[in-house]
Number of protein chains: 2
Amino acid sequence: MQPKRKLTLADYQTLAEFRYALRGFLRFSEDAARSAGLASQQHQALLAIKGFAAMGPITIGHLAERLQIRPHSAVELVDRLEARRLVRRTPAPLDHRQVHLKLTIEGEEILERLSASHREQLARMEPQWKRMLEILHQEPPPGAGGTGQE
Amino acid sequence: MQPKRKLTLADYQTLAEFRYALRGFLRFSEDAARSAGLASQQHQALLAIKGFAAMGPITIGHLAERLQIRPHSAVELVDRLEARRLVRRTPAPLDHRQVHLKLTIEGEEILERLSASHREQLARMEPQWKRMLEILHQEPPPGAGGTGQE
DNA sequence: TTGATTTATATCGTTCTACGATATATTTTG
DNA sequence: CAAAATATATCGTAGAACGATATAAATCAA
């Protein structure tokens, strides 16, 4: 359970840089969603519904799993999306407890715009992220752990 | 401003997979922070303070920039951290408007534990993330865009 | 130096999202 | 058919960030 080696200042810096990059992406995404009139989680829900489509219509429970939230939180999220006419609930024919979710035309349109800009942004960020992930992955050679400062 | 090519179902799936992986990491991080008795943002603030240390003591304003939040939100975050004795404010000697932030011993200890587990988790996730980022980066050849399912 | 402007931090009230606890409807099990 | 399990829904609460605004310190203009 103990870490294999002591963390150096450089390790903290790398972790902090990674978080900074992550925050940068999340802010981009949040701003993009807000520009489209959505909360970030609403955008992510649209994407999860659309991305699941190939496996059949998604239920509230599956949506919750994809977003890593509790099912009853997904209920509330879908409530908001349905109020904005971006998603529609349909009772599942086989199991009447379940609800199937489907994007409306408007939901599809908003998601398409957001997905296009996200794909571009992720492509832009890819080299930086890759570099940071590699640094985090590899163990530095012994004696090479310094502060890296000055 | 228009996307270069139409998004395929596979594109949505890849974007959704990427978000799913991201959510997975964020949930891991949130759970880890919660286990240490912290909110996720509190953990991220500790990391940002520590990671900035090589560039000198961090101010509220710099912390806000690193976390991509407004300065007055950083104030509130630091309020909570100081209440838990994880961070201490010190008036900046040169500019008395500024405040310098420093981790307490307890703050250092908690951060060290969390950073070690995060480094391991990121190393675990690295291959998957790298793969997804590459897929998002490269343009698929024309006619190759399918659903990718089954 | 003094007064105006800018910068850094702080305070207040509000909003959003997720949560725990709980409820209802439907399916499955015995 | 009754009991247990599953899926979705409702209600009240809490945490974090925000906009608007306030205060203190530094800088600039003349």
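Per chain, numbering begins at 1; letters A, B, ... match sequence-line order.
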- With the threshold set at 4.0 Å, does a side-chain nitrogen-carboxylate oxygen contact exist between B/Glu108 and B/Lys50? yes
- Message: Below 30° counts as parallel, above 60° as perpendicular, anything between as tilted: where do the rings of B/His43 and B/His118 land?
- Response: tilted
- Message: What I want to check is whether the side chains of B/Ser117 and B/Gln121 have a donor and an acceptor closer together than 3.5 Å.
- Response: no
- Query: Between C/dA10, C/dT17, D/dA17, which nucleotide has the shortest distance from any of its atoms to the side chain of B/Leu77?
  - Reply: D/dA17
- A/Gln42 atom CD is separated from C/dT15 atom C1', nearest whole Å, by 13 Å
- Query: Can we say A/Arg88 and A/Glu82 salt-bridge, meaning some charged N sits less than 4.0 Å from an Asp/Glu carboxylate O?
  - Reply: no
- Would you indicate, yes or no, if C/dC19 has its OP1 or OP2 atom less than 4.0 angstrom from a side-chain nitrogen or oxygen of B/Arg27? yes
- Query: Taking only N and O in the side chain of A/Ser73, is any of them less than 4.0 Å away from OP1 or OP2 of C/dT17?
  - Reply: no
- Query: Can B/Arg89 and B/Asp79 be counted as an ion pair, charged N to O under 4.0 angstrom?
  - Reply: yes
- Can you find a donor-acceptor N/O pair under 3.5 angstrom joining the side chain of A/Glu76 to the base of C/dC16? no
- Query: Salt bridge check: are B/Glu134 and A/Lys130 linked by an N-O gap of less than 4.0 Å?
  - Reply: yes
- Enclosure of A/Arg85 CZ (heavy-atom neighbours >12, cutoff 6.0 Å): no
- Taking atom P of D/dG15 as reference, at what distance in whole Å does atom CD of B/Gln44 sit? 17 Å
- Is A/Glu17 salt-bridged to B/Arg66, cutoff N-O under 4.0 Å? yes
- Those residues that, when tested against B/Arg97, pass salt bridge (Lys or Arg N to Asp or Glu O under 4.0 Å) (two or more places apart): B/Asp95
- Item | B/His43 NE2 - D/dA16 P separation (whole Å) | 14 Å
- Message: Rounding to an integer number of Å, can you tell me how far B/Leu26 CG sits from C/dA18 C1'?
- Response: 14 Å
- Message: The side chain of B/Val99 is closest to which nucleotide in this list: C/dT17, C/dA10, D/dA9?
- Response: C/dA10
- Query: Which of residues 79-98 of chain B sit near DNA chain D, with a heavy atom under 4.0 Å from it?
  - Reply: B/Arg80, B/Leu94, B/Asp95, B/His96, B/Arg97
- Heavy-atom contacts under 4.0 Å between residues 58-71 of chain B and DNA chain D, which residues? B/Ile69, B/Arg70
- Please give, in whole Å, the distance from D/dG19 C1' to B/His72 NE2? 6 Å
